[in-house]
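In this chain, numbering begins with 1 at the start of the sequence shown. What you see is a predicted model, and the numbers here were worked out from it, not measured in a lab.
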Amino acid sequence: MTQTSYQWQEECLARWIDSGGRGMVQAVTGSGKTRLALCAIDTLERKIGRGVMVKIVVPTSALMHQWEKELRIHLAAGNNDSDRAGTFFPASGDCAAAGEHADGKDVRNKISLRGGGCKGSTDRKYMIYVVNSARYELARQILAQLNSGEAVLLIADECHHYASGENQLIFEFLTRIDPAKADYYSLGLSATLPSGQDGQVLADALGPRIYSYGMHMAAMMKTVCPFDIFHIALSFRQDEREEYDDLTERIQKCYTQLRREVPSLGGLNQKERFEELRRLSVGKDKKIAKYALNYMNFTYKRKSLVCLASARISCAEELVRRLDPSEKILIFGERIAQAEELYRVLYRHNPGRVGRCHSKMGEQANRNNLERFRTGEFRILITCKSLDEGVDIPDASVGIILSGTAAQRQRTQRLGRIIRRKEGKERAALYYLHIEETSEDIMYLPDAGENRLVELRYEPNCRNFQNPDYDRAAMLVLDDMRREERRILREATRCLDCGRVRGDWMAEPEELQRRIDGASTVEEHNYRICMKRVAAQRTVEY
């Protein structure tokens, strides 16, 4: 068995076994949920004294291929067991590539993929499904194997996706068995398990929540990389502000009329209210339908205005220019048109070093671009939602959220893309852009533990950032250098401008000196010295 790396995983596995091999785990992205699940397979087989048929369900084909890779590594590491040895070769029609050799033994017909263009055999020990393909075949396959006396373990990754709509069909076999008597085992994984009705659907299918491992605990236990969160406040142009205020007034008027006609709207949360408004917009009462439709249209236009505010592209461009050129950057947007615009802007200054992934690119193009980012050919990767979940890029150390999202799950997932630990990666940073005095949610992660939070402001007219705490100390540094040559002052100004959007000046003196000593270029050496001087001035000030 490949041993788990962290104490929380050992505790979680013990609790899962005590719960009969059924249950859901909520653990922060990047803390090792995949490793936990792979070790759960071995733990369960030892517990029951026989092999199990493993069904893994994922929401995307990218995640399916990542699971395949991790499973191959796991099996190769455990190949001292005859059932774990060898090389994995796909049968005809499988999408899997040939695997590794281990101990001179070949293992065939172990892993099969279903979905994303892969149509592997359905009788393999390890089956990995994209949920779109699993909907109409997985339940039937599980039921057949249970009825034939096999033990089955269902691993539902990112399981919050499977509680609604057609995705529930993957659990349809449960109506035909008694889970307490059948050899059915289950493990649900998510960084953000749902509550309410969705939570109950999952609990019925996968078992109750048995373990939670949040951001605060992960930071304390150092299972994720330390990180800084930067809130960057942006402003509308004057014409954008006027349009926003006009739309806000129209929304308020529509809602006032709707509350008069439908008082029950006042007792609904945001999600319930929009569902009710959709229903009312196609209802028989034409007056209410008109108000409901106008309300939704105005709200959508206002959201688009905030999302596509002109300052966002300019801010991201200037931010990238000031960041450490050795760091790999993930940029998350909400709209494809915006992602394409930023791609064109950044490509001009970083030719051949910028890529993008989104739904209009096509699956193969996205996979290629992701691989080019992994290998370092691309330094910057711009995406919309395709990389929110499950994709493992441990050396990405900077995330920029171009357009805000009010969904806590999505914010947590995006942070998780950059806080995975990797040797040599000391710290990560997430930049969250938001428009001031709008409906955009600026609250980020209340469970961020001891990680640092910095407030910045970006002025698009002069394309500069403001950081009051930093700026006071930086001015004192320049003042001390006023008698230096002009070229030295220019270089110091450049370094201090870059430091304004980074967290280096908040490091401890010993750490700052270590980085000075380890600088590999003159520019980096100059920058590190400036950061040490800023930190010293800040210490004197406080």
Output yes when [X] and [Y] qualify as a salt bridge under the 4.0 Å nitrogen-oxygen rule, no when they do not.
{"X": "Arg279", "Y": "Glu275", "answer": "no"}
{"X": "Arg367", "Y": "Glu371", "answer": "no"}
{"X": "Arg273", "Y": "Glu276", "answer": "no"}

Are side-chain heavy atoms of [X] and [Y] found at a separation under 4.5 Å?
{"X": "Arg135", "Y": "Asn167", "answer": "yes"}
{"X": "Ile177", "Y": "Leu143", "answer": "yes"}
{"X": "Val58", "Y": "Val131", "answer": "no"}
{"X": "Tyr211", "Y": "Gln26", "answer": "no"}
{"X": "Ile229", "Y": "His231", "answer": "yes"}
{"X": "Leu187", "Y": "Val25", "answer": "yes"}
{"X": "Glu137", "Y": "Tyr129", "answer": "yes"}
{"X": "Val262", "Y": "Ile288", "answer": "yes"}

Would you kindly check if the NZ (Lys) or CZ (Arg) of Arg356 is within the cone defined by 45 degrees around the ring axis of Tyr343 and under 6.0 Å from the six-membered ring centre?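 Positive - Arg356 is close enough to the ring of Tyr343 and near enough to its axis.
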
So does [Y] get a backbone contact from the side chain of [X], meaning a donor-acceptor N/O pair under 3.5 Å?
{"X": "Ser190", "Y": "Thr192", "value": "yes"}
{"X": "Arg35", "Y": "Gln9", "value": "no"}
{"X": "Arg209", "Y": "Met24", "value": "no"}
{"X": "Ser61", "Y": "Gly116", "value": "no"}
{"X": "Trp67", "Y": "Asp157", "value": "no"}
{"X": "Lys119", "Y": "Arg114", "value": "no"}
{"X": "Lys125", "Y": "Val52", "value": "yes"}
{"X": "Ser112", "Y": "Thr122", "value": "no"}
{"X": "Tyr432", "Y": "Leu402", "value": "no"}
{"X": "Gln338", "Y": "Cys307", "value": "yes"}

To the nearest 0.5 angstrom, please state how far the [atom1] atom of [X] sits from the [atom2] atom of [Y].
{"X": "Leu13", "Y": "Glu10", "atom1": "CG", "atom2": "CD", "value": "6.5 Å"}
{"X": "Leu75", "Y": "Ile111", "atom1": "CG", "atom2": "CD1", "value": "5.5 Å"}
{"X": "Ile170", "Y": "His161", "atom1": "CD1", "atom2": "NE2", "value": "11.5 Å"}
{"X": "Ile56", "Y": "Leu153", "atom1": "CD1", "atom2": "CG", "value": "8.0 Å"}
{"X": "Ile41", "Y": "Met53", "atom1": "CD1", "atom2": "CE", "value": "12.0 Å"}
{"X": "Ile331", "Y": "Ile401", "atom1": "CD1", "atom2": "CD1", "value": "11.5 Å"}

Restricting to side chain to side chain contact (heavy atoms under 4.5 Å, CB included), what partner residues turn up for [X], sequence neighbours left out?
{"X": "Gln257", "value": "Arg260, Tyr291"}
{"X": "Ala163", "value": "Asp198, Val201, Leu202"}
{"X": "Ser133", "value": "none"}
{"X": "Ala309", "value": "Phe236, Glu240, Arg312, Ile435"}

Testing the basics here: between [X] and [Y], what is the closest heavy-atom pair and its distance to 0.1 Å?
{"X": "His65", "Y": "Cys118", "value": "CE1-SG, 4.2 Å"}
{"X": "Leu206", "Y": "Gly188", "value": "CD1-CA, 3.9 Å"}
{"X": "Asn366", "Y": "Ser359", "value": "ND2-N, 4.5 Å"}

Considering residues at least two apart in sequence or located in another chain, which fulfil the salt bridge (charged side-chain N to carboxylate O under 4.0 Å, His left out) criterion with [X]?
{"X": "Glu150", "result": "none"}
{"X": "Lys55", "result": "none"}
{"X": "Lys287", "result": "Glu261"}
{"X": "Glu272", "result": "none"}

Side chains of Glu11 and Gln7 only: does a donor on one sit below 3.5 Å from an acceptor on the other?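 Distance-only check passes for Glu11 and Gln7.
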
Test side chain to side chain contact (heavy atoms under 4.5 Å, CB included) on Glu341 and Arg335 and set out the steps. CA-CA 10 Å; Glu341 180 184 357; Arg335 304 290 172 87; over 6 Å; no

Is there a side chain to side chain contact (heavy atoms under 4.5 Å, CB included) between Thr383 and His358 once you walk through the steps? CA-CA 6 Å; Thr383 183; His358 54 68; 5.6 Å; no

Those residues that, when tested against [X], pass ring pair (Phe, Tyr, Trp, His ring centres under 6.0 Å) (two or more places apart):
{"X": "Tyr184", "value": "Phe173"}
{"X": "Phe378", "value": "none"}
{"X": "Tyr185", "value": "none"}

For atom CD of Gln197, is the number of surrounding heavy atoms from other residues, nucleotides or ligands below 6.0 Å larger than 12?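 Open.
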
Just wondering, are more than 12 heavy atoms of other shown residues or ligands nearer than 6.0 Å to CZ in Arg259?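 More than 12 within 6.0 Å, yes.
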
Does anything in residues 290-309 pair up under salt bridge (Lys or Arg N to Asp or Glu O under 4.0 Å), and if so which pairs, sequence neighbours excluded?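 For residues 290-309: none.
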
Verdict with supporting geometry, Leu370 and Leu381, side chain to side chain contact (heavy atoms under 4.5 Å, CB included): CA-CA 8 Å; Leu370 180 58; Leu381 189 63; 4.0 Å; yes

Give me the ring orientation class for Phe171 and Tyr162: parallel if the planes are under 30° apart, tilted from 30 to 60°, perpendicular past 60°.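 Phe171 vs Tyr162 ring planes: perpendicular.
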
Among Leu330, Ile329, Leu342, find the one that has a side chain to side chain contact (heavy atoms under 4.5 Å, CB included) with Ile382.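 So the option named by the test is Leu342.
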
Residues Val57, Ile128; criterion side chain to side chain contact (heavy atoms under 4.5 Å, CB included); working and verdict: CA-CA 6 Å; Val57 182; Ile128 310 175; over 6 Å; no

